[in-house]
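Below, each value reflects all heavy atoms present in this structure, side chains not excepted, and no hydrogens, waters or symmetry copies. Along the sequence shown, the residues carry numbers beginning at 1. What you are looking at is a predicted structure, and each value in this text was computed from that prediction instead of being measured.
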Amino acid sequence: MRHFLVTGGAGFIGSNFIHYLLKKYSEIEIINLDKLTYAGNLDNLKDIENEARYRFVKGDICDTKIVEPLVKACDVVVNFAAESHVDRSIGRPDDFIQTDVFGTFVLLEASRKYGIEKFIQISTDEVYGSTLGESFKESDPLMPSSPYSASKAGADRLAYSYFVTYNLPVIVTRCSNNFGPYQYPEKLIPLFVTNAIENKKLPIYGDGKNVRDWIFVEDHCSAIDTVMQKGENGEVYNIGAGNEKNNLEITDYILKKLGKSGDLMLFVDDRLGHDRRYSLNWDKTKKLGWKPFMSFEEAMDKTIDWYLENRWWWEKLKSGDYLEFYKKHYKLDDQ
Ligand code: NAD
Ligand code: DAU
């Protein structure tokens, strides 16, 4: 029996990862530690709330008293918990520094104190910054350009330092842009899909030519699993899918699939410090025997269908505080 502590498991990728593990492995137990910020949502885990191999604990990864007994009871820590939205980090970086850096430190310290088999730090491709040339390799320098990515870079290197200094079995993953079910509707794809369904405008930053490499969330989950089994301690693994698209291409795909008019497109002010292009070389992860399973089109269709079929999940999220943030951010009154 292997005992996992998954932090941030009520968020988008964490909840998909818990589903993935429970489906694939029978001899496991998972504790999900999540603070339930605006982005944490127990609806993401409704179907497994009575599952014997799964337990939810509400709490903050910055709180040593909560973290220590949970780490003590576990073999593997997978740290997804983070403030994750770049736009929010521009408006108010405080929570990003606290959770993404200090919270990771608390988890690492507890892991050092009690000993664990593996510590997986979920980092991001944003730590490299933008590139108009070659795709980034794991050995390239980090040049993060938003408070979000800088806080993630801090956590990424802090985790590595615990391997070098204390021999903690740490592995760091840096994945590209995820999409799929249960993604909070503030990120590009779920925001544009749900807005288009509701005939609301799709706010495109700047000229819409910024490029991201899009990966289906289940492919990210299977990559983490591979890295956990076959990766080497102290190493970083890039995870990408080879689906580099600009935001206009993504918008166009969504509008066509939903049969909506281009009139829904609305060009708005650019994001401050907006990275032009992310691009990863993930040969090192490929060498472990992993590759993405879903094509971009299959994954997009599956995702769009999911949002069409699960209005109960996102409609209630797009009200209250969300609406306030959204209106202020886009300077819109009618959305
Ligand atoms: P998310 O915002 O959907 O989920 C984050 C979760 O962390 C939420 O459930 C939230 O409640 C929880 N959380 C926040 N602060 C916490 C704290 N102090 N203590 C405990 N829980 C806390 O984010 P996501 O998109 O699922 O991303 C998960 C991780 O993957 C993050 O570390 C992010 O940096 C990384 N990542 C995301 C992407 C992407 O495209 N979404 C790509 C690469 C890496
Ligand atoms: O690359 C991995 C990262 O991907 C993760 O580490 C982050 O947690 C995740 O949020 C994501 O960051 P991005 O900033 O790339 O994702 P976002 O969905 O916010 O934006 C994607 C692109 O779409 C980006 O160029 C900005 C643009 N955009 C976004 C929104 C929300 C718009 O044009 N309009 C929008 O309303």
(request) Show the numbers, then the answer: is there a side-chain hydrogen bond (donor to acceptor under 3.5 Å, both in side chains) between Y25 and R2? (result) CA-CA 10 Å; Y25 301 105; R2 272 186 122 197; over 6 Å; no
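A donor-acceptor pair is defined here as one N or O able to donate and one able to accept, closer than 3.5 Å; such a pair exists between the side chain of E138 and the backbone of N238. N16 places no side-chain N or O within donor-acceptor distance of the main-chain N or O of C221, the cut-off being under 3.5 Å. A donor-acceptor distance shorter than 3.5 angstrom exists from the side chain of T7 to the backbone of F80, with no hydrogens or angles considered. Side-chain atoms of N210 do not come within 3.5 Å of backbone N or O of R212 as any donor-acceptor pair.
Here the two rings, on F119 and Y162, have centers that are 6.0 Å apart or farther. Ring pair Y184/Y38: centre-to-centre distance below 6.0 Å.
For residues 236-245, the pairs satisfying salt bridge (Lys or Arg N to Asp or Glu O under 4.0 Å) are E244-R277, with sequence neighbours left out. The list of ring-ring contact (aromatic ring centres under 6.0 Å, His included) pairs with a residue in residues 93-116, not counting sequence neighbours, reads F102-F105.
In this structure, D305 and K257 have side chains that are in contact, with non-hydrogen atoms separated by less than 4.5 Å.
Neither side chain, S222 nor K24, offers a donor N or O lying under 3.5 Å from an acceptor on the other. Between the side chains of N32 and Y54, at least one donor N or O sits under 3.5 Å from an acceptor N or O.
The aromatic rings of Y205 and H274 stand perpendicular to each other, their planes meeting at an angle above 60°, with 30° marking the opposite boundary.
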